[in-house]
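Structure, as C-alpha cells:
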Amino acid sequence: MNASRIAATEDGKMPYIRRATTRLRQPREDRVRRPRSRNSAGRRVGLGLLFALGLVASAAGQGNEPRKTATATFAGGCFWCVEADFDKVEGVISTTSGYTGGHTANPSYEQVSRGGTGHAEAVEIVYDPAKVSYDKLLDVFWHNIDPLAKDRQFCDHGDQYRSVIFYHGDEQRALAEASKAAVQKRFKQPLQTAIVPAGPFYKAEEYHQDYYVKNPIRYKFYRFNCGRDARLEELWGKKD
C-alpha cells in the first residue's frame, strides 16, 4: 500500500486508514531520523574540525610573528675586525660596516679615511634581545678594543678609528656608562672610549661588508700585522 496515497485520503473519518498510515509512516520517520542524526553528527565533527584547524592556524600565526630585534652601534677601529668579532656572538642577527658620528652626509670610504668628516668607522648590530643582552654585547665590545687608546686603535691612527659606544635610548646609555665604570676599575689609566647618542649611520661600500669572509687571507694578514690580537691579549689576557 502506498503511504502517500493513504495520507492523502486521511480525513479523520477512517480510523483504519489512520492506523495503517501510522504503521507505514513509522518506518519512514525512522529512515528520515537516521540521516538527520548523521547530519547532526557530521556537523558536530565538522565544527570540531574547524575549531581544531582554527587552533592550529592561531598557533601557526603566533609562530610566524616577527621576532623583536634591537640595534647596537659600536666603533672600535677597523670595522672589518669589529664586524668579524660580533658575527661570532650568538643572538646577533646581522652586522653592517659603516660610518657615523660625523658631519658629512653620505661620506665615502676615501673621505672618512682621509679624516676631516668627523665620522668613525663603526658597525651597526641588529640582535635578538631574547638571545643576547646589551650587557653581553658591551662585554664583547670592551674585550675587542683598546680602551686606553685615544683617536686610534692598534695600527690605525686618526679620530676615524676612535672607540665609541653609540647608544640607542636611555637604557643603553645607562648600561654603557655602568659598564665603562666597571671596566675603568681594571685600569689605572683613564679610558678613552666615548659614550654618545647614535646618529645617522651610513652603510659602507659593499666590498667592505663581510670583508673577512670575502677576503680571508688579506683580512688575516692585516689583522696580524696590525697587532690587534697581541694587544688584546696584553690588555685582557688570553681568550678561552
Side-chain angles (χ1 to χ4, degrees), residues 55-101 120-147 153-154 162-186 191 193-204 206-216 219-220 223 228-229 231-233 235-240:
L55 291 177
V56 171
S58 176
Q62 292 174 1
N64 291 332
E65 288 180 0
R67 60 181 166 182
K68 294 181 179 178
T69 62
T71 301
T73 307
F74 300 115
C78 172
F79 46 25
W80 299 344
C81 300
V82 178
E83 188 177 349
D85 293 332
F86 277 98
D87 274 344
K88 299 180 180 73
V89 179
E90 184 178 358
V92 168
I93 299 168
S94 67
T95 56
T96 304
S97 291
Y99 318 109
T100 191
E121 287 195 11
V123 172
E124 187 176 77
I125 300 160
V126 177
Y127 65 99
D128 184 349
K131 294 183 178 179
V132 62
S133 66
Y134 187 66
D135 268 331
K136 172 62 177 176
L137 296 180
L138 287 167
D139 185 62
V140 172
F141 169 73
W142 289 116
H143 284 83
N144 284 283
I145 66 163
D146 180 350
Q153 282 292 295
F154 313 104
R162 66 192 184 272
S163 62
V164 189
I165 299 170
F166 295 95
Y167 62 82
H168 298 261
D170 291 338
E171 182 179 0
Q172 284 193 0
R173 179 181 62 182
L175 292 171
E177 290 174 348
S179 71
K180 183 176 180 178
V183 171
Q184 181 62 77
K185 294 177 182 178
R186 182 185 180 98
L191 303 188
T193 302
I195 299 174
V196 300
F201 181 90
Y202 301 98
K203 183 179 178 181
E206 193 58 36
Y207 70 90
H208 287 299
Q209 309 302 326
D210 297 318
Y211 187 88
Y212 74 101
V213 176
K214 298 172 182 175
N215 303 279
Y219 168 74
K220 289 176 182 177
R223 184 163 181 141
R228 191 177 186 105
D229 292 318
R231 177 59 174 162
L232 290 176
E233 185 175 326
L235 288 165
W236 305 101
K238 288 187 177 182
K239 291 185 178 181
D240 296 334

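Side chains included, hydrogens not; waters and symmetry mates left out as well; all remaining heavy atoms used. Everything numeric here is computed off the predicted structure, so don't read it as measured data.
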| message | Working note: Cys81 + Tyr219, criterion side-chain contact (heavy atoms from CB on, under 4.5 Å); need CA distance, chi angles, decisive distance, verdict. | response | CA-CA 8 Å; Cys81 300; Tyr219 168 74; 3.8 Å; yes

| field | Pairing residues for Tyr202 by the side chain to side chain donor-acceptor pair (under 3.5 Å) criterion, not counting sequence neighbours | value | none

| request: Return the orientation label for the Phe79 and Tyr99 ring planes: parallel under 30°, perpendicular over 60°, tilted otherwise. | output: tilted

| message | So for atom NZ, which belongs to Lys88, do other residues, nucleotides or ligands contribute more than 12 heavy atoms lying within a distance under 6.0 Å? | response | yes

| Are any non-hydrogen side-chain atoms of Val82 and Asn144 less than 4.5 angstrom apart? | no

| said: Are more than 12 heavy atoms, taken from residues, nucleotides or ligands other than Lys136, located less than 6.0 Å from that residue's NZ atom? | reply: no

| Minimum heavy-atom separation for Asp85 to Val89, with atom names? | O-CG2, 3.9 Å

| said: Which residue is it: Glu83, Glu124, Glu206? I am looking for the one with a side-chain hydrogen bond (donor to acceptor under 3.5 Å, both in side chains) to Ser97. | reply: Glu83

| message | Testing Lys220, Arg223, Lys238 one by one against Asp229 for a salt bridge (charged side-chain N to carboxylate O under 4.0 Å, His left out), which residue passes? | response | Arg223

| Nearest-0.5 Å distance, CD of residue Gln153 to SG of residue Cys78 | 10.5 Å

| query | What's the shortest heavy-atom distance between Gly76 and Arg228, and which atoms? | reply | O-NH2, 2.9 Å

| Do the side chains of Leu191 and Trp142 get nearer than 4.5 Å, heavy atoms only? | yes

| task | Using side chain to side chain donor-acceptor pair (under 3.5 Å) as the criterion, list what pairs up with Lys68, not counting sequence neighbours. | result | none

| query | Are the side chains of Phe141 and Leu137 in touch, meaning some heavy atoms are under 4.5 Å apart? | reply | no

| note | For Leu175 and Tyr134 the tightest heavy-atom approach is CD1-CD2, 3.8 Å

| message | Would Phe201 and Phe166 count as a ring pair (Phe, Tyr, Trp, His ring centres under 6.0 Å) here? Give the steps. | response | CA-CA 10 Å; Phe201 181 90; Phe166 295 95; 8.7 Å; no

| said: So for atom CD, which belongs to Glu177, do other residues, nucleotides or ligands contribute more than 12 heavy atoms lying within a distance under 6.0 Å? | reply: yes

| message | For Ser179 versus Leu138, what's the shortest heavy-atom pair and its separation? | response | OG-CD1, 3.7 Å

| field | Side-chain donor/acceptor of Lys180 to backbone N/O of Thr193, under 3.5 Å | value | yes

| field | Non-hydrogen atoms of Thr73 and Ala122 that approach each other most closely | value | CG2-CB, 4.4 Å

| request: Mind checking the CG-CG spacing from Leu235 to Asp146? Nearest 0.5 Å is all I need. | output: 4.5 Å

| request: Please step through side-chain contact (heavy atoms from CB on, under 4.5 Å) for the pair Asp210 and Asp87, ending with a clear verdict. | output: CA-CA 9 Å; Asp210 297 318; Asp87 274 344; 3.8 Å; yes

| query | Closest approach of Pro129 and Thr69, non-hydrogen atoms and distance? | reply | CD-CA, 4.0 Å

| task | Taking the side chain as every heavy atom from C-beta outward, state whether Ser163 and Phe74 have any atom pair closer than 4.5 Å. | result | no

| Can you list the residues that meet the ring pair (Phe, Tyr, Trp, His ring centres under 6.0 Å) rule with His143, with sequence neighbours excluded? | Trp236

| Is the backbone of Gln209 close enough, under 3.5 Å, to the side chain of Lys214 for a donor and an acceptor to pair up by distance? | yes

